[in-house]
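Computed from a predicted structure; not experimentally measured.
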Amino acid sequence: MKKVLLVGATGTIGAAISRELAVDCDVVSVGNSSGDFQVDLGDSQSISELYQAVPDVDAVICAAACGVVFKPLIQMSRDDYIQSFQSKFLGQVDLVVQGLQCLHQDVSFTLTTGILNVDPIANGSAAAAINSAVEGFARAAAMDVDGRQRINVVSPGLLEESHQKLGHLFPGYPTVAGSRVSKAYRKSVFGLRTGHVFKVGWEQ
């Protein structure tokens with residue numbers, strides 16, 4: 001049975017992943033203020049303490065809803081971009097880099113982006129830039145690690161479960177069920193691919 005460290009386990013995507021994997025994996029839930037363990041992805045020391053507390057896992061998944069700033073470009077400040085990159089980009093990168101240093105040789109990492117770097121929305125310049133950065137990092141990092149260590153990304157479209165809350169920001173965008181998105185994380189954890197971006201719900 002694989003032991004999976006799931007960061008963002010209580011979020012919309014995280015809950016779907018947890019349901020999908022719990023049938024045949026030992027899922028260790030991690031949240032900002034809930035779950036089996038807590039972590040602040042904007043704090044490198046917090047990530048280090050997480051790995052010290054859970055030192056032996058087969059897979060790390062990050063599906064955390066990070067604090068990316070959404071504002072019109074004219075209102076975006078340097079600090080807004082720094083805050084956004086610190087949480088969603090550097091936090092996910094730090095999970096991989098520190099994990100490679102302390103976990104065993106067969107570990108896989110699955111990061112999360114989204115549709116906005118390919119099909120952007122108004123006020124989403126930070127999210128679009130970060131998604132591209134995360135995907136570029138994963139593709140390059142996969143070439144730099146031991147062959148038994150894998151790094152992938154899941155890029156979901158707008159979740160059906162989030163449509164009522166976020167649909168007004170995504171006019172005309174198709175939705176995808178969380179249960180379908182969660183299959184991509186299973187494919188990343190159990191498959192052999194590395195350096196791959198699994199697009200779900202917006203493949204067209």
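- Counting only residues at least two apart or in different chains, side chain to side chain donor-acceptor pair (under 3.5 Å) contacts with residues 66-83 comprise Lys71-Asp80, Ser77-Asp80, Tyr81-Ser125.
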**Report entry** side-chain contact (heavy atoms from CB on, under 4.5 Å) between Phe190 and Lys2, intermediate numbers included
**Finding:** CA-CA 9 Å; Phe190 283 91; Lys2 286 184 180 289; 3.7 Å; yes
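- Nearest heavy-atom pair, Ala128 versus Leu116, reported as atom, atom and distance to 0.1 Å: CB-O, 3.4 Å.
- For the residue pair Glu135/Thr113, the side-chain donor-acceptor check at 3.5 Å is satisfied.
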Query raised in the report: What's the verdict on side-chain contact (heavy atoms from CB on, under 4.5 Å) for Leu21 and Ile61, showing C-alpha distance, side-chain angles and the deciding distance?
Result: CA-CA 11 Å; Leu21 296 182; Ile61 295 174; 3.7 Å; yes
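- Under the 3.5 Å distance criterion, the side-chain polar atoms of Arg193 are left unmatched by any main-chain donor or acceptor of Arg150.
- Looking only at side-chain heavy atoms (C-beta outward), Leu169 and Phe70 stay at 4.5 Å or farther from each other.
- Residues Val154 and Pro156 share a closest heavy-atom pair of O-CD, 3.4 Å.
- The shortest side-chain heavy-atom distance between Val60 and Leu103 falls under the 4.5 Å cut-off.
- With respect to the salt-bridge test (charged N to carboxylate O, under 4.0 angstrom), the residues Arg186 and Asp24 qualify.
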Query raised in the report: Step by step, would you call Val39 with Ser46 a side-chain contact (heavy atoms from CB on, under 4.5 Å)?
Result: CA-CA 6 Å; Val39 70; Ser46 179; 3.5 Å; yes
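- The cluster map of Ile, Leu, Val, Met, Phe, Trp and Tyr, joined by side-chain heavy atoms under 4.5 Å apart, puts Val97 and Phe85 in the same cluster.
- Residues Val4 and Val23 are members of separate hydrophobic clusters, defined by side-chain heavy-atom contacts under 4.5 angstrom among Ile, Leu, Val, Met, Phe, Trp and Tyr.
- Just one of Leu159, Ile17, Thr112 meets the side-chain contact (heavy atoms from CB on, under 4.5 Å) condition when paired with Val181; it is Leu159.
- Of the possible donor and acceptor atoms, one in the side chain of Asn152 sits under 3.5 Å from a partner among the backbone N and O of Gly195.
- Cluster annotation: Val68 and Leu90 are assigned to the same hydrophobic cluster (Ile/Leu/Val/Met/Phe/Trp/Tyr, side-chain heavy-atom contacts under 4.5 Å, transitive).
- Across Ala126 and Ser84, no two heavy atoms sit closer than the pair CB-OG, 3.9 Å.
- Closest approach of Val57 to His104, counting heavy atoms only: O-NE2, 2.9 Å.
- For the atom pair CD (Gln92) and CZ (Phe109), the distance works out to 12.0 Å, reported to the nearest 0.5 Å.
- Screening residues 137-182 for ring-ring contact (aromatic ring centres under 6.0 Å, His included), with sequence neighbours left out, gives Phe170-Tyr173.
- The backbone N or O of Gly42 lies less than 3.5 Å from a partner atom in the side chain of Gln86, making a donor-acceptor pair.
- Using a 4.5 Å cut-off on side-chain heavy atoms (C-beta onward), Leu95 and Ile47 make contact.
- Using a 4.5 Å heavy-atom cutoff, the side chains of Ser155 and Val118 are not in contact.
- Every side-chain contact (heavy atoms from CB on, under 4.5 Å) that Ser29 has, sequence neighbours left out, goes to Ala9, Asp36.
- Note that OH of Tyr51 and CG of Leu100 are 8.0 Å apart. Values are rounded to the nearest 0.5 Å.
- Under a 3.5 Å cut-off, the side chain of Ser188 and the backbone N or O of Tyr185 do not form any donor-acceptor pair.
- With values rounded to the nearest 0.5 angstrom, Thr12 atom OG1 is found 8.0 Å from Leu166 atom CG.
- Summarising the geometry of Asp40 relative to Asn32, their closest heavy-atom pair is CA-OD1, 4.2 Å, with the distance given to 0.1 Å.
- Distance check, rounded to the nearest 0.5 Å: CD of Glu20 to NZ of Lys183 gives 3.5 Å.
- To the nearest 0.5 angstrom, Ser108 atom OG is 8.0 Å from Asp58 atom CG.
- Across all non-hydrogen atoms, the minimal contact from Gln38 to Val30 is C-CG1, 4.2 Å.
- Lys88 NZ to Ile130 CD1: the interatomic distance, rounded to the nearest 0.5 Å, is 7.0 Å.
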Report task. Applying side-chain contact (heavy atoms from CB on, under 4.5 Å), run through Arg19 and Ser179 and close with a yes or a no. Result -> CA-CA 8 Å; Arg19 288 191 295 270; Ser179 58; over 6 Å; no
